[in-house]
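What follows is one structure encoded as structure tokens, with my remarks underneath.
Keep in mind it's a predicted model, so treat the numbers as computed, not measured. Numbers restart at 1 for each chain; the letters A, B, ... are given by sequence-line order, proteins then strands.
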2 protein chains.
Amino acid sequence: MEDLRKIPLLSELSEDQLKKVLSIATLKKYPKGKVIFTPSQKGEFFFILKKGKVKVFKTAKGKEQILKVFSKPAIFGEAASFTGSYFPAWAESLEESEVLVIPRKEFLNLLREDPEIGMKLLAVMAQRLMHLTGVIENLSLKDALSKVSSYILTLYGEMGEEITFRTNIAAMELGLTKETVSRMLSKLKEMGIIEKNRNSIKIKDLKALKELSI
Amino acid sequence: MEDLRKIPLLSELSEDQLKKVLSIATLKKYPKGKVIFTPSQKGEFFFILKKGKVKVFKTAKGKEQILKVFSKPAIFGEAASFTGSYFPAWAESLEESEVLVIPRKEFLNLLREDPEIGMKLLAVMAQRLMHLTGVIENLSLKDALSKVSSYILTLYGEMGEEITFRTNIAAMELGLTKETVSRMLSKLKEMGIIEKNRNSIKIKDLKALKELSI
DNA sequence: CGCATAGTTGAGCTATTTCAACATCAGTGG
DNA sequence: CCACTGATGTTGAAATAGCTCAACTATGCG
């Protein structure tokens with residue numbers, strides 16, 4: 001429950017309000033690879049990721065483009081559950097996950113009761129917008145090496161730290177194939193910019209990486 | 001002034017409120033090709049397009065990707081002026097335009113005074129999110145012919161209608177070159193799906209076009 | 001232990017870009 | 001009113017980034 005306090009939208013709630021939310025919410029457990037919502041569903045529910053990892057993505061013609069991966073406690077599906085329209089994307093668990101599901105009606109009640117929550121939601125949506133413009137910039141304006149470089153930087157915590165890196169997830173986020181991502185990683189390694197193990201990388205030359213990520 | 005009422009955010013305002021907004025706002029005129037804001041500016045102002053046409057876009061490495069073109073009265077730059085952070089993109093007039101500029105402070109006051117306006121803004125942001133997910137879908141999952149086909153459909157009003165079509169704008173919205181867009185148009189013409197003049201097209205086979213746009 | 005999943009590497013392919021040359025049009029100034 | 005100029009669009013040929021396909025390796029999970 002304390003994890004949930006870290007979510008901007010919920011941090012604002014009083015103890016009582018949060019309890020109320022939790023009493024309304026249903027806890028759902030999704031094993032790895034389960035669909036949480038699809039574009040053919042209307043936003044009748046609002047989702048809070050409590051534990052696990054979820055990808056939100058578009059698909060067409062057998063291809064898939066990730067919009068965002070949630071791996072920390074966060075809300076998702078908020079736009080559609082606000083408007084009540086169809087979800088603009090798919091959501092699927094990437095690992096075993098726990099999700100709190102709140103009916104749209106209750107979600108709207110919360111908003112109505114406390115305008116401060118509406119403001120928080122605005123802030124979240126503004127963040128989402130910025131994130132998506134970043135995705136678009138990546139997709140449209142950068143070449144493969146820049147994409148991978150900037151992607152690594154988004155994962156980067158502190159110098160010398162081991163960064164878990166999933167090639168195929170990266171590929172789906174960046175609009176590349178896993179082969180291309182793999183090749184770019186090899187290239188970065190050759191250039192002495194990163195070190196590479198099977199599931200993780202380590203940044204050796206942050207400055208050069210930043211340079212490439214533009 | 002009545003045009004402004006058509007903008008969702010403002011339609012909600014009382015006569016007095018709207019007058020107040022207009023008294024706060026500064027009317028700015030931009031000739032064609034003028035920059036309205038850039039990513040190096042913080043969202044100190046909120047913009048209302050009154051007349052004209054404005055493109056909001058990202059650029060890098062001499063390339064340019066349009067996020068959205070506004071051609072009817074609308075608000076823009078709302079996310080950054082809500083959070084006060086840097087604009088995530090550029091805005092530039094595509095033709096001579098009139099823009100109402102409102103200081104962030106006053107904009108936030110409006111939100112504070114009337115929660116209903118906050119709700120409207122949420123709706124607008126939700127729309128923007130859906131739009132951007134659509135842009136991403138286009139960029140990442142579709143080939144050139146599909147992109148152009150679906151783009152034409154977004155412009156489409158009623159059957160047999162002449163549709164103004166600007167090849168280079170289309171290209172910048174679709175993440176293609178003008179040459180490719182031109183070639184795709186020729187292809188669609190060859191296929192008997194559209195008719196084509198210099199600055200406009202006409203849909204001859206809507207069903208086929210929809211088929212291609214997937 | 002075995003099998004499905006994830007990653008690597010090479011080779012050839014192809015959609016789109018790039019470059020170049022040309023055509024057309026709209027607006028401007030004489 | 002016409003000539004000039006810059007912007008916009010068209011078409012062809014060549015270049016290329018990234019994809020597809022294929023074969024192989026490593027891994028981790030049941």
* Asked: Does OP1 or OP2 of dA7(D) have a side-chain N or O of Asn168(B) closer than 4.0 Å?
  -> no
* Distance under 6.0 Å and angle within 45° of the ring axis: does Lys147(B) meet both against Tyr151(B)? -> no
* Asked: Rounding to a whole Å, what distance do you find between Lys178(B):NZ and dA21(C):P?
  -> 14 Å
* Any donor-acceptor pair under 3.5 Å from Gln41(B) side chain to Tyr86(B) backbone -> no
* In whole angstroms, how far is the C1' atom of dC25(C) from the CG atom of Asn197(B)? -> 14 Å
* Just to confirm, is there a sub-4.0 Å distance from OP1 or OP2 of dT8(C) to any side-chain nitrogen or oxygen of Ser186(A)? -> no
* **Among dA20(C), dG7(C), dG18(D), the one nearest Leu176(A) by side-chain distance** => dG18(D)
* Asked: Between Ser182(A) and dG7(C), is there a side-chain N or O to OP1/OP2 distance below 4.0 Å?
  -> no
* **Thr177(A) vs Arg198(A), nearer the 5' end of DNA chain D by closest nucleotide** => Thr177(A)
* At under 4.0 Å between heavy atoms, what does Arg166(A) touch on the DNA or RNA strands: base, sugar-phosphate, or nothing? -> sugar-phosphate
* Asked: Hey, does Lys196(A) reach any base, or is it just sugar-phosphate, or nothing, if we go heavy atoms under 4.0 Å?
  -> sugar-phosphate
* To do: Could you check whether Gly175(B) gets within reach of a base, just the sugar-phosphate, or nothing at all, counting any heavy atom under 4.0 Å?
  => sugar-phosphate
* Can Lys29(B) and Glu98(B) be counted as an ion pair, charged N to O under 4.0 angstrom? -> yes
* Side chain of Arg183(B) - closest among dG9(D), dT17(C), dG7(C) -> dT17(C)
* Asked: Looking for any heavy atom pair under 4.0 Å, which part of the strands does Lys147(A) touch: base, sugar-phosphate only, or nothing?
  -> nothing
* Structure fact -> note: Leu141(B), atom CG; dT16(C), atom P; distance rounded to Å ~ 13 Å
* Asked: Phe45(A) and Phe37(A): aromatic ring centres closer than 6.0 Å?
  -> no
* Partner of Leu94(A) by side-chain contact (heavy atoms from CB on, under 4.5 Å), out of Ile169(A), Val54(A), Ile66(A) -> Ile169(A)
* Base, sugar-phosphate, or nothing for Asn199(A), non-hydrogen atoms under 4.0 angstrom? -> sugar-phosphate
* To do: Using a heavy-atom cut-off of under 4.0 Å over every strand shown, decide if Thr180(B) touches base, sugar-phosphate, or nothing.
  => base
* Of all the choices, dT9(C), dA6(C), dG9(D), which nucleotide is nearest to the side chain of Lys32(A) once you look at every atom? -> dA6(C)
* Given dT17(C), dG18(D), dG9(D), the nucleotide with the shortest approach to the side chain of Ala144(A) -> dG18(D)
* To do: Calculate the interatomic distance between Glu179(B) atom CD and dC22(C) atom C1'; express it in whole Å.
  => 13 Å
